[in-house]
Amino acid sequence: MTSEPTLAETPHEAGSKTESTALSTGIAVAVLGAIAVFYLVNALLLPDTETDEGIGPRAFPVVVAIVLTCTTALGVLTLLRGRVEVQAVSKTELLRVAICIVLFALFAASIFLIGFAEAAAIFSVLTSTFVFGVRLSLKRAAWLLVVGLVIGLVLFLVFDVWLNVLLPVGWIEYLLFGGLNL
Amino acid sequence: MNSWTELLGALGSITTSPILLLVILLGVLLGTVAGLLPGVGPSTAIALLLPVAITMPAELSLPLMVSLYLGAEYGGRISAILLNIPGDPGAIMTTLDGHPMALKGRAASALTISALASFVGSILAFLGLAFIAGPMSELGLAFGPAAYFAVVVMALVLSATLVGNAPMLGLTAVVIGVAISTVGIELQTGLPRFTFGTFTLLEGVEPIVAIIGVFGVGEILASTMMGHTGQGLSRLSGRFFPTKGELRQGTLPSLRGSVIGFVSGVLPGAGTTIAAFFSYGLEKRLAPASAGMGKGAVRGLVAPEAANNAAVSGSMVPLLTLGIPGSGTTAVLLAYLMMYGLNPGPGFFDANPVLGWTIIGALLISAILGVIINIAASPLLSKILAIPMPYMAPVILMLALISCYSIHNSATDVYIALGFGILGYVMRLVGMSPALLVIGLVLGEMLERNLQQALGLTGGDFGAVISQPIVMVFLAIAVLSLLTALPWKQMLGKQEDNDQRKDTECRSNRD
């Protein structure tokens with residue numbers, strides 16, 4: 001790459017910092033709380049079959065669930081009281097994270113449809129553009145697509161051909177590597 | 001002296017095996033690159049190497065992993081000095097004096113001095129490890145299931161309280177890991193737990209998938225907030241070799257840092273970050289005002305660098321002799337060892353003497369290769385830092401996908417890793433250490449198994465389990481560490497000015 005990427009977004013302003021911290025805290029509280037409640041409910045639903053030799057499959061998860069609920073409650077309290085240094089995050093940044101998650105999920109699904117290297121090339125262009133905010137002209141996008149394809153093919157060569165990790169084969173891999181591992 | 005004989009034998013085997021030497025060289029090189037790149041780090045790099053590792057025997061892949069770990073500690077200092085961003089968490093304190101040295105036009109000298117300090121730390125800690133590994137392993141054989149249960153509890157609590165932003169959040173991370181370890185078929189009854197009727201979860205959550213998720217994917221999700229590497233990269237200026245005065249200034253701090261680093265590494269959960277923090281703190285106390293700590297002082301640079309490298313060998317002590325990870329990266333190594341069907345802990349050296357001593361011997365060879373590579377190739381290595389994250393991130397995610405996919409040739413593991421990546425990202429937002437989740441996950445199964453065995457021996461009497469003297473000692477340490485870590489002053493309404501500790505701990509979430 002010859003030029004540095006540029007970001008579409010400007011740095012945070014001091015005024016939005018508090019709101020962003022609240023957003024991070026809110027997300028963490030929701031996720032941690034959901035995990036604790038989900039685990040507690042499902043641990044309590046486990047069959048209580050005590051054995052002669054041990055405590056059965058339920059006792060340990062139930063104890064873990066109780067400890068998890070307590071630590072999560074205290075941890076959430078610590079967060080809500082603002083006694084923990086929380087990383088500020090804006091809605092734009094969260095959108096980028098969400099896009100990255102969706103792109104990665106689509107990448108995993110698309111390798112079976114178009115092959116690993118082809119999916120990797122498209123994934124690298126989309127990630128650089130939509131997740132990291134790199135502004136690309138049509139020419140540079142095409143160049144990045146080629147670079148992504150080359151990286152994908154190198155990874156395919158190393159892992160599939162040399163290390164026998166069976167990766168989904170696309171047309172380009174088929175043509176270049178002679179349909180190996182088809 | 002039997003241990004030394006075994007070690008010398010292992011060193012002889014390594015030095016006469018070109019393949020093993022090549023693997024260690026590759027590990028140090030990859031580790032240095034992974035260490036210098038902010039957002040990769042040793043845990044992520046080791047996890048991403050899974051497809052390579054599964055094609056190799058343990059005798060090759062484990063030396064590769066430990067040399068990568070040590071190489072990452074060498075590499076972390078490069079971005080800390082040139083970019084003011086620690087490449088790996090253990091290099092946090094290196095930024096304080098390393099970057100000011102670079103700004104004063106002494107970047108090349110800072111890189112050389114810190115590489116030498118890292119070498120001193122690695123060698124002294126290697127000697128400590130070689131000296132202590134054999135006796136510790138013998139000691140561990142005396143532990144029954146009850147003592148082991150207590151050791152695991154102690155390790156989990158110590159990890160939670162030493163790493164991260166707040167002890168309660170640390171404990172939550174550890175317990176989430178333990179909770180995830182209960183997914184799958186329960187060993188005694190054969191009944192499925194938390195599988196929700198899916199076949200995939202019957203075998204439980206693969207630790208490597210979770211590791212790739214929280215470290216690899218989670219780190220990239222977190223790096224989206226960085227945008228691009230907008231920080232200015234300092235030029236590799238100044239004289240390459242340090243002066244005699246600089247070497248003299250750095251000698252004692254390096255030795256002190258090595259000892260602190262080794263001891264910190266032995267403590268479960270402390271790892272390289274705490275080692276660097278403690279050693280820098282000590283140097284700051286010992287240094288006169290004229291030393292200019294924080295303004296490019298040599299002692300402020302070498303002490304944490306010696307400490308973080310020494311912590312690598314230190315963290316191998318509990319891993320290999322007790323099966324307890326001393327850091328997040330050793331938790332990943334523990335997952336690897338278990339993947340090979342090897343059980344690190346008491347008896348590991350008796351059952352696998354060649355492998356055990358080869359791993360330790362690989363640390364010595366890595367230390368030597370590390371200092372050579374990091375001094376000779378520093379101009380080349382510094383150029384890697386110029387690659388912006390927007391172009392690096394997709395490649396790391398491609399590797400993460402291949403690593404997960406290669407386990408069962410299935411996309412399901414990729415989606416599970418993505419789930420863990422989201423969790424890892426959320427944890428990072430509030431300063432929770434993803435390494436703690438991994439430690440909880442890999443120790444959770446050991447915790448339950450030993451508890452069940454201990455209860456089996458006492459007829460289900462939990463009181464009899466915890467009333468054994470050695471069990472009481474370990475549990476008392478756990479309780480004390482928890483009590484001392486809790487913010488009592490805050491809870492009682494008094495404000496505590498603890499900025500330095502807070503600042504360091506909140507950054508230590510990747511170790």
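Throughout, a chain's letter reflects where its sequence line sits, starting with A, and its residues are numbered from 1.
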Item to check | Side chains of A:Phe132 and B:Ser223 in contact at under 4.5 Å (non-hydrogen atoms) | outcome: yes

Next on the checklist: If you apply the rule side chain to side chain contact (heavy atoms under 4.5 Å, CB included), what do you find for B:Ile422 with A:Val97, and how did you get there?
Outcome noted: CA-CA 9 Å; B:Ile422 296 167; A:Val97 171; over 6 Å; no

Checklist entry - When heavy-atom pairs shorter than 4.5 Å are enumerated against chain A, which of B:Ala454, B:Ala179, B:Ala411 gives the highest number? => result B:Ala179

Item to check | Heavy-atom check, side chain of A:Leu32 versus side chain of B:Met432, under 4.5 Å | outcome: yes

Checklist entry - Say you draw a straight line from CE of B:Met392 to OG of A:Ser128; how long is it, rounded to the nearest 0.5 Å? => result 11.5 Å

Next on the checklist: Tell me if a side-chain donor or acceptor on B:Thr224 pairs with a main-chain N or O of A:Arg96 at a distance below 3.5 Å.
Outcome noted: no

Checklist entry - So, do B:Tyr425 and A:Ile27 sit near enough that their side-chain heavy atoms are less than 4.5 Å apart? => result no

Item to check | From CG (B:Leu401) to CD1 (A:Ile111), nearest 0.5 Å | outcome: 5.0 Å

Checklist entry - Can you tell me how far the CG atom of A:Leu79 sits from the CG atom of B:Leu169, to the nearest 0.5 Å? => result 5.0 Å

Item to check | Euclidean distance, B:Ile402 CD1 relative to A:Phe159 CZ, rounded to 0.5 Å | outcome: 5.0 Å

Checklist entry - What distance separates A:Leu144 CG from B:Tyr391 OH, expressed to the nearest 0.5 Å? => result 6.0 Å

Checklist entry - What option among A:Pro61, A:Cys100, A:Gly148, A:Ala109 has the most heavy-atom pairs under 4.5 Å with chain B? => result A:Pro61

Checklist entry - Got more than 12 heavy atoms from elsewhere within 6.0 Å of CG, A:Leu113? => result yes

Next on the checklist: Measuring centre to centre across the rings, with the benzene-like ring taken for any Trp, is B:Phe462 within less than 6.0 Å of A:Phe60?
Outcome noted: no

Item to check | Point-to-point distance, once rounded to the nearest 0.5 Å, from CG of B:Leu221 to CD of A:Glu93 | outcome: 13.0 Å

Item to check | Close aromatic pair by centroid cut-off 6.0 Å: A:Tyr39 and B:Phe194 | outcome: yes

Checklist entry - Does the B:Arg193 side chain pair with the main chain of A:Leu46, one donor and one acceptor, at a distance under 3.5 Å? => result no

Item to check | ring-ring contact (aromatic ring centres under 6.0 Å, His included) evaluation trace for A:Phe107 with B:Tyr415 | outcome: CA-CA 11 Å; A:Phe107 175 37; B:Tyr415 294 119; over 10 Å; no

Checklist entry - Under a 4.5 Å heavy-atom cut-off, does chain B meet the side chain of A:Ile35, its backbone, both or neither? => result side chain

Next on the checklist: For the interface with chain B, which of A:Val31, A:Ile101, A:Thr72 has the highest count of heavy-atom pairs at distances below 4.5 Å?
Outcome noted: A:Ile101

Item to check | Sub-4.5 Å side-chain heavy-atom contact between B:Ile220 and A:Phe104 | outcome: no

